[in-house]
Amino acid sequence: MLQNWRRELLIVLPIGVIGALAGFWIDHPAVTLLSLFTLYFCWQLLQIHLLNAWQRSPKSAHPPFAVGIWGSIIELAEAKRERARKRKRKLGRILAGFHESTNALPDATVILDEKGRMEWWNDVARQVLGLDGKRDRNRSIVEIIPDSIFNAYLLEGDYVRPLQIPAPLDDSISLEVRIVPYGKGKCLLQARDITRLHQLETVRRDFVANVSHEMRTPLTVIHGYLEAIAESGDESRLGEWQHVVSQMRQQTDRMQRIVADLLMLSRLETQEQAVGHEQVNVAELLQSVREEACNLSGGKHRIHLKTEADLRLYGIESELESAFSNLAFNAVRYTPPGGSVAMHWYANGSKACFSIKDDGIGIEPEHIPRLTERFYRVDVGRSRQSGGTGLGLAIVKHVLTRHGSVLEIESEPGRGSLFSCTFPEYRVCRVKPEQRHLAVH
Ligand code: ADP
């Protein structure tokens with residue numbers, strides 16, 4: 001910096017000396033000095049003008065000729081411009097690499113702004129969602145995917161689980177949509193074609209449903225005959241076969257329960273998400289579940305029920321009954337005689353919750369994540385002995401999913417278990433306040 005000022009002084013000093021000498025020679029030093037410094041001032045103004053014009057010119061324009069301090073300012077500015085050019089080139093390369101890699105992704109990828117408008121997408125998204133660069137930039141994603149379930153999923157903002165929807169251009173294609181939030185309210189939407197997987201899943205479901213259906217009739221016939229034989233009352237004729245018949249009856253009974261549960265599961269899987277027109281009086285429903293649980297217990301357990309009578313749900317009553325009674329029967333079956341079971345139906349803010357707590361045998365933590373899998377049991381012998389099919393919690397999981405909820409399980413071996421679920425606001429309905437009362441049984 002000092003060096004620059006020295007350079008400038010080397011210009012100013014000679015001007016001053018020459019001006020003074022010339023002035024003394026013509027006897028008017030003030031006039032010559034003033035004229036020379038006016039010229040020097042005009043030169044400075046010209047340099048400022050050139051610098052200003054250069055700053056406004058395109059980045060590639062040549063710098064103006066300058067000496068002294070202006071030369072140094074222009075040098076610095078030119079160096080800064082060069083650094084900015086290099087940075088831009090580098091960012092350009094990174095962006096091109098990013099575009100190339102996201103284009104190479106096998107999934108449709110769309111970047112959404114905080115209002116759900118599409119900012120950028122890759123080639124697969126162009127094909128799968130039928131996007132057009134000019135027409136669709138900044139359009140809302142719900143205009144492109146006008147699916148009501150997708151809309152609700154987007155509004156709810158809970159993106160832990162992916163969503164399966166038909167492709168907007170061709171509903172024979174199944175898409176699995178995943179949304180990843182990032183930055184300030186932005187989202188990355190990924191849609192994967194899972195048509196093949198979906199077809200295989202449909203084949204599997206149909207197979208299970210068909211086998212279960214085909215087995216139901218012969219099983220009913222066999223079970224009916226066995227019942228007739230056992231109840232014919234002629235024990236002397238049955239003789240040693242009596243025990244065999246009783247065993248066969250138990251086994252066909254068990255098979256019938258498995259077939260019924262399998263059919264229920266395939267019904268739950270194949271139907272669309274539960275519609276919410278039916279208003280379910282959960283407090284009343286739980287009352288009858290409690291009575292059935294008391295029958296199963298045979299008076300060996302204390303079974304409590306606490307409900308908010310005005311709190312209802314939009315959903316399918318038969319499905320909810322099946323879910324709640326599976327949970328209640330499990331609580332009874334896995335709690336030794338003398339234990340207690342407590343069911344609770346209550347509001348939590350604008351949501352509704354159901355919980356069932358027992359002080360039974362409890363579950364080791366490693367089993368908890370797998371309990372809702374079909375036929376997964378902690379203790380197969382115990383489950384069979386108590387009349388379990390291994391499908392109860394799988395049914396519960398499906399029913400809850402169809403009603404916008406998930407099953408939460410907390411348990412401690414030897415101390416008991418707590419099964420609970422929360423229903424979202426849009427499923428909840430309140431009847432008039434004067435009808436409200438708290439029921440404790
Ligand atoms: P199951 O017909 O065998 O009861 P479920 O799907 O209903 O099948 O339950 C799966 C397994 O979860 C059961 O076999 C049991 O080991 C465990 N389980 C379910 N509920 C309870 C409970 N309340 N207490 C302890 N274990 C439970």
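Ligands are counted one by one from 1 in listed order, and the atoms in each one are counted from 1 as well. Remember, it's a predicted structure, so these values are computed and weren't measured experimentally. The figures here come from the full heavy-atom set of this structure, side chains too, leaving out hydrogens, waters and symmetry mates.
- The shortest N or O to N or O distance between Ile363 and ligand 1 is not below 3.5 Å.
- Here's the thing with Tyr376: none of its N/O atoms is less than 3.5 angstrom from an N/O atom of ligand 1.
- A salt bridge is defined here as a Lys NZ or Arg NE, NH1 or NH2 lying under 4.0 Å from an Asp or Glu carboxylate O, and Glu373 with Lys397 fails to meet this definition.
- Taking distance alone, with nitrogen or oxygen atoms compared against 3.5 Å, Gly390 approaches ligand 1 more closely than that limit.
- Considering only non-hydrogen atoms, atom 24 (N) of ligand 1 lies nearest to Tyr334 out of Phe329, Tyr334, Phe419.
- Ion pairing between a basic and an acidic side chain is recognised when a charged N comes within 4.0 Å of a carboxylate O; Glu114 and Lys184 show no such pairing.
- Between Arg257 and Asp261, no side-chain nitrogen of the basic residue sits less than 4.0 Å from a carboxylate oxygen of the acidic one, so the salt-bridge criterion is not met.
- A side chain to side chain contact (heavy atoms under 4.5 Å, CB included) with Leu265 is found for one member of Val208, Ile395, Val399 and no other, namely Ile395.
- Scanning all protein heavy atoms for the shortest distance to atom 19 (C) of ligand 1 gives Asn330 ND2, 3.5 Å.
- Contacts between Leu327 and ligand 1, counted as non-hydrogen atom pairs separated by less than 4.0 Å, are absent for every part of the residue.
- Between Glu201 and Arg196 there is no salt bridge, since no side-chain nitrogen of the basic residue lies less than 4.0 Å from a carboxylate oxygen of the acidic one.
- Put simply, OG1 on Thr372 and NE2 on His398 are 9.0 Å apart, with the number rounded to the nearest 0.5 Å.
- Taking distance alone, with nitrogen or oxygen atoms compared against 3.5 Å, Asp379 stays at or beyond that limit from ligand 1.
- Heavy-atom proximity to Arg333, at under 4.0 Å, picks out these atoms of ligand 1: 2 (O), 4 (O).
- Annotation: cation-pi geometry not satisfied between Arg312 and Trp345 (NZ/CZ under 6.0 angstrom from ring centroid, within 45° of ring axis).
- Looking only at atom types and distance, the side chain of Tyr314 has no donor-acceptor partner in the side chain of His403 under 3.5 Å away.
- Set against the non-hydrogen atoms of Arg377, the atoms of ligand 1 under 4.0 Å away are 3 (O), 14 (O).
- Under 4.0 Å is where a charged nitrogen must lie from a carboxylate oxygen, and between Arg81 and Glu78 no such pair does.
- Seen from the ring of Trp120, Arg137 does not count as a face-on cation partner, given the 6.0 Å and 45° thresholds.
- Below 3.5 Å of separation, one finds an N or O of Leu393 facing an N or O of ligand 1.
- Remark: minimum distance from atom 23 (N) of ligand 1 to any protein heavy atom is reached at Asp358 OD2, 3.0 Å.
- Proximity annotation for atom 17 (C) of ligand 1: of Val396, Leu418, Leu371, Leu371 comes nearest, heavy atoms only.
- With respect to atom 3 (O) of ligand 1, the closest heavy atom belonging to the protein is Ser383 OG, 2.5 Å.
- Set against the non-hydrogen atoms of Thr389, the atoms of ligand 1 under 4.0 Å away are 2 (O).
- Within the listing of ligand 1, atoms 14 (O), 16 (O) sit less than 4.0 angstrom from a heavy atom of Val378.
- Every atom of ligand 1 is numbered from 1 in the order shown, and the set under 4.0 Å from a heavy atom of Gly392 is 5 (P), 6 (O), 7 (O).
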